[in-house]
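Dropping the structure in here first, questions after.
Both backbone and side-chain heavy atoms feed into the values below; hydrogens, waters and symmetry mates do not. For the single chain, residues carry numbers from 1 onward in sequence order.
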Amino acid sequence: HPTLPHRRKMARGSILPAVLSFLLLPSSPLAFAPSSSLFPLARASAASAAASSSSSPIPPFPSIDPALAMSSSSSSAPVEKEQAAKEERMTFGFTESRLRDALRSLSDDESCCRHIFGRDDPNHELSALQRITAVRILDYEAIAADPSSPTEADLIARAETFRSEHGPPLNLRDVIQGKSPSMSLAAEFKRASPSKGDIAPDLNAAEQGAKYAESGASIVSVLTEGRWFKGSMDDLTEVRLATTDKGYDRPAVLRKDFVVNRYQIAEAAARGGDTVLLIVAVTPADLLKDLIDYCRSLDMEPLVEVHADDELDVALNAGARVIGVNNRNLHTFKMDLGTTDRTASVLKGRGLEFDHNVITSRDASGEPRPDYCLCALSGMSSSADVDRYRQAGVGMCLIGESLMRAPDPKAAIEGLCLDPNEYAKQAGGAGGAYTGGLKIMKVCGVTDPDDALAACRAGANLIGVIFAEKSKRKVTKERARAVVDAVRAFGERSSRISVPTNPSNPDGSPVAALGSKARTLENSARRGCPLVVGVFQNQDEAYVRECVEESGLDLVQLHGKEGMEAASAERCGVPAIRVVDIETDADGTGTTDAEAAVTKLLDSVTSDPVAILLDTAIKGSKEGGGTGVAFDWSLAEKVQSRGLPVLVAGGLTPDNVGQCVGGTRPWGVDVSSGVEAGPGKKDLDKVAAFVKGARDAEEEAAKGF
């Protein structure tokens, strides 16, 4: 195949860290079995790869010795032995040197590859992104070697036939700019990912794509890589056909993959794709320009992805017009939403026009639209995220995981407020009854990092660790730190999430302030990036702050007699949830007169906390919380009818959370003992059932609003 490079060079040696090998252990999310439907030539690909890299067939999982992966660089082991061991490690049957050779085959000009291989860093190590790309290169080399594969000319002919039957491709830049002043949404279909594992492995591409398009998505991004993301080219075609001639504006269909040759672009065109993703981080500069030009020769405007400033230079020099900024570093999988903001500043500093907000006025005056489109990729899930980038002039946001996990994609997309007028209504909505429904699910009393991860995967967005002295679930600062580290790794972050504590408060009342703060907290604790809450009870402020700093807590929760004013970010070091005890008898009956209790509560609140949590306290007991008894939930409903969103705790279980959420629609629910196998040890099936029960009940209850 003339479009698939076969230039080979000797790989230069380097020492690869054990952490990268660990990413590819069978227990890792990276270690997916190859999809049997990845290519029609799967057997030929496997045979070709096995013949070129090993005498044995490609294993279903990478053959990595766990002992080697965990041993790191022990000073007692000879360097030669360690290097040899690393070279023996396999990624889908390919050695490290084989993967390096594959990457280097992309260009003969080493100056065009400097941004890929660490700017001549002699200690550069292959990242997970580079491994995936290298395997993809080898996959397509196997396809090229098979005489039964369609040629590039065959694919172009098929593309022409498809377009004659189903319509021409859409220009990505025109699609994005045509939505102004609304934000364009690229809704993503992906069944799994290297960092999160399975997301929705059984979801139907056509059905999900149609839901996205009907709900206002202007682009549908389809993952077509099969080993790590469990996608296929069939998914791309199914989405294209399911969104064509349906009575609404057809979305552009994006092939999201690790595209490194012209053949993949022609393949996308033949299967109904409008555009493709080109990732600068793994594409030599000369090849990038060639692929951009080739896309345009097929009437396809590519989305060119960058992460770092030097990648932006490569993209601009290659002629990119639609620039996507990945907030996730694909080498480390760490997330930083500020990446897009910084790129916008760089473009403005260079005098390059991209501002999405000026398009409507320019169209009206007959002035030309900006030459570039700037897009934010990864990490967004809320209307606040969308508005943040709207203010920066961004024209498109790509959102994937939160929409894939959403029980109602239409409601989730509506909640993003792509139209700035809708966001203004939402942001100015302080006052009146709270009717927003369930936004927060907190799993408390977590003592084990594995339990924390299970709760995150189930969909919890707050994870609670307890420092209260008398609790059976009390953790040390060190144990809390282990939980924090696990939650941060899940959320692809390395530092504390900053929750704003000075939101809009039009009427100046504490209730209005707390309502506004609740929205900022739910936006910060978005699904896929949970926060960790430390729970304290009548403990010294200095100790609380010490735990916050040493354990890395995002929030605290005050559960004693500290008072409202103590629950401020200034005193706690981070924003604080304030618990209000609802007194009942031991059997949950005998709740104080509801109207009087509501009035007392609303009169007592200040604007110091970030949120209010209602929990059961048994009459006569000295300490509240941890009772396992439910109070009368109608009290929470009455509080919310007066404009104050609240979390509900106390006696919740997988069996009754649906009743609570369906009947009360609280802003949040908090569970601890109700999902335990024993004090401090979660029953993971109960955790999953609790979250699902709450989510299903909210979906059903929301139909009435």
Q. side-chain contact (heavy atoms from CB on, under 4.5 Å) with Cys444: which of Leu613, Asp670, Val671, Val675?
A.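 So the option named by the test is Asp670.
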(Q) How about NZ on Lys474, more than 12 heavy atoms from neighbouring residues, nucleotides or ligands closer than 6.0 Å, or not? (A)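 Enclosed: over 12 neighbouring heavy atoms sit under 6.0 Å from NZ of Lys474.
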Q. Any salt bridge between Arg481 and Glu550, counting N to O under 4.0 Å?
A.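 No, this pair does not count.
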Q.
I need the minimum non-hydrogen distance between Thr447 and Gly680, along with the two atoms involved.
A.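 Taking Thr447 first and Gly680 second, the nearest heavy atoms are OG1-O, 2.6 Å.
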Q: Apply side-chain hydrogen bond (donor to acceptor under 3.5 Å, both in side chains) to Glu549 and list each qualifying residue two or more places apart in sequence or on a separate chain.
A: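 Not a single residue meets the side-chain hydrogen bond (donor to acceptor under 3.5 Å, both in side chains) criterion with Glu549.
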Q | Partner set under side-chain contact (heavy atoms from CB on, under 4.5 Å) for Ala482, not counting sequence neighbours | A |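 Only Pro449 meet the side-chain contact (heavy atoms from CB on, under 4.5 Å) criterion with Ala482.
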Q: For the pair Phe690 and Leu652, evaluate side chain to side chain contact (heavy atoms under 4.5 Å, CB included) and give the outcome as yes or no after the intermediate values.
A: CA-CA 9 Å; Phe690 181 89; Leu652 290 175; 3.9 Å; yes
Q. Which heavy atom of Ala200 sits nearest a heavy atom of Met404, and at what distance?
A.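 Heavy atoms only, the tightest pair is CB-CE, 3.9 Å.
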(Q) Test: side-chain hydrogen bond (donor to acceptor under 3.5 Å, both in side chains). Region: residues 565-576. Which pairs qualify, not counting sequence neighbours? (A)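 Sorted result for residues 565-576: Glu541-Arg571.
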Q. Who are the side-chain hydrogen bond (donor to acceptor under 3.5 Å, both in side chains) partners of Lys211, not counting sequence neighbours?
A.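 Once residues adjacent in sequence are excluded, Lys211 has no partner under the side-chain hydrogen bond (donor to acceptor under 3.5 Å, both in side chains) criterion.
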Q. Do Glu562 and Arg578 sit within salt-bridge range, that is, some charged N less than 4.0 Å from a carboxylate O?
A.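 The answer is yes: the pair qualifies as a salt bridge.
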Q) Hey, is the main chain of Ile497 close enough, under 3.5 Å, to the side chain of Asp554 for a donor-acceptor pair? A)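 Confirmed, Asp554 side chain pairs with Ile497 backbone.
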(Q) Tell me if a side-chain donor or acceptor on Thr664 pairs with a main-chain N or O of Pro666 at a distance below 3.5 Å. (A)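 No, Thr664 side chain to Pro666 backbone: no donor-acceptor pair under 3.5 Å.
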Q: Give me the one residue out of Thr340, Thr339, Asn327, Asn326 that meets side-chain hydrogen bond (donor to acceptor under 3.5 Å, both in side chains) with Ser378.
A: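 The residue from Thr340, Thr339, Asn327, Asn326 that satisfies side-chain hydrogen bond (donor to acceptor under 3.5 Å, both in side chains) with Ser378 turns out to be Asn326.
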Q. If you take all heavy atoms of Val548 and Cys572, which pair is closest and at what distance?
A.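 Smallest heavy-atom distance, with atoms named: CG2-O, 3.6 Å.
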Q. Is it true that Asp632 and Lys638 have a side-chain N and a carboxylate O under 4.0 angstrom from each other?
A.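 Looking at Lys638 together with Asp632, the answer is no, because their closest N to O distance does not fall below 4.0 Å.
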Q) Any donor-acceptor pair under 3.5 Å linking the side chain of Ser471 with the backbone of Ala468? A)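 Between the backbone of Ala468 and the side chain of Ser471 there is no qualifying donor-acceptor contact (under 3.5 Å).
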Q. Side chain of Asp683, backbone of Asp685: donor and acceptor closer than 3.5 Å?
A.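 Pair found, side chain donor or acceptor close to backbone of Asp685.
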Q: Taking Asn656 for its side chain and Thr653 for its backbone only, find out whether a donor-acceptor pair lies under 3.5 Å.
A: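 Between the backbone of Thr653 and the side chain of Asn656 there is a qualifying donor-acceptor contact (under 3.5 Å).
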(Q) Restricting to side-chain contact (heavy atoms from CB on, under 4.5 Å), what partner residues turn up for Asn204, sequence neighbours left out? (A)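 Once residues adjacent in sequence are excluded, the partners of Asn204 under the side-chain contact (heavy atoms from CB on, under 4.5 Å) criterion are Ala206, Glu207.
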Q) Among all residues two or more places apart in sequence or in another chain, which pass the side-chain contact (heavy atoms from CB on, under 4.5 Å) test with Val691? A)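 Once residues adjacent in sequence are excluded, the partners of Val691 under the side-chain contact (heavy atoms from CB on, under 4.5 Å) criterion are Met441, Ala458, Arg695.
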Q. Got a sec, which residues hit side-chain hydrogen bond (donor to acceptor under 3.5 Å, both in side chains) with Glu546, two or more places apart in sequence or on another chain?
A.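 Glu546 satisfies side-chain hydrogen bond (donor to acceptor under 3.5 Å, both in side chains) with Lys477 only.
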Q.
Can you give me the closest heavy-atom contact between Val661 and Ala694, atom names plus distance?
A.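 Residues Val661 and Ala694, closest heavy atoms: CG1-O, 3.7 Å.
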Q: Using the test ring pair (Phe, Tyr, Trp, His ring centres under 6.0 Å), find all partners of Phe536 that sit at least two apart in sequence or belong to another chain.
A: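 By the ring pair (Phe, Tyr, Trp, His ring centres under 6.0 Å) rule, Phe536 matches Phe467.
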Q. Which pairs, with at least one residue in residues 435-466 and sequence neighbours excluded, count as a ring-ring contact (aromatic ring centres under 6.0 Å, His included)?
A.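 Pairs touching residues 435-466 that pass the test: none.
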Q | Asp235: which of Lys190, Arg191, Lys230 passes salt bridge (charged side-chain N to carboxylate O under 4.0 Å, His left out) | A |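 The single option meeting the salt bridge (charged side-chain N to carboxylate O under 4.0 Å, His left out) with Asp235 is Arg191.
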Q | Between Lys561 and Gln537: side-chain donor-acceptor atoms closer than 3.5 Å | A |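 Short answer, no.
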(Q) Going by side-chain hydrogen bond (donor to acceptor under 3.5 Å, both in side chains), name the residues that satisfy it together with Glu676, two or more places apart in sequence or in a different chain. (A)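 Applying side-chain hydrogen bond (donor to acceptor under 3.5 Å, both in side chains) to Glu676 gives Arg473, Lys682.
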Q: Quick one: list whatever passes side-chain contact (heavy atoms from CB on, under 4.5 Å) with Ala187, sequence neighbours left out.
A: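 Listed in chain order: Leu185, Tyr212, Ala217, Leu403.
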Q. For residues 406-415, which residue pairs qualify under side-chain hydrogen bond (donor to acceptor under 3.5 Å, both in side chains), counting only residues two or more places apart or in two chains?
A.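 Listed once each, the pairs are Lys410-Glu414.
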Q: Give a yes-or-no answer on whether the side chains of His559 and Asp615 include a donor-acceptor pair shorter than 3.5 Å.
A: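 Judged by distance alone, the side chains do pair up.
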Q: Determine the minimum heavy-atom distance between Met564 and Pro609, stating which atoms define it.
A: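 So the minimum-distance heavy-atom pair works out to SD-CG, 3.9 Å.
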Q) Between Phe229 and Ala192, which heavy-atom pair has the shortest distance, and what is it? A)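 Minimum heavy-atom separation between Phe229 and Ala192: CD2-O, 3.2 Å.
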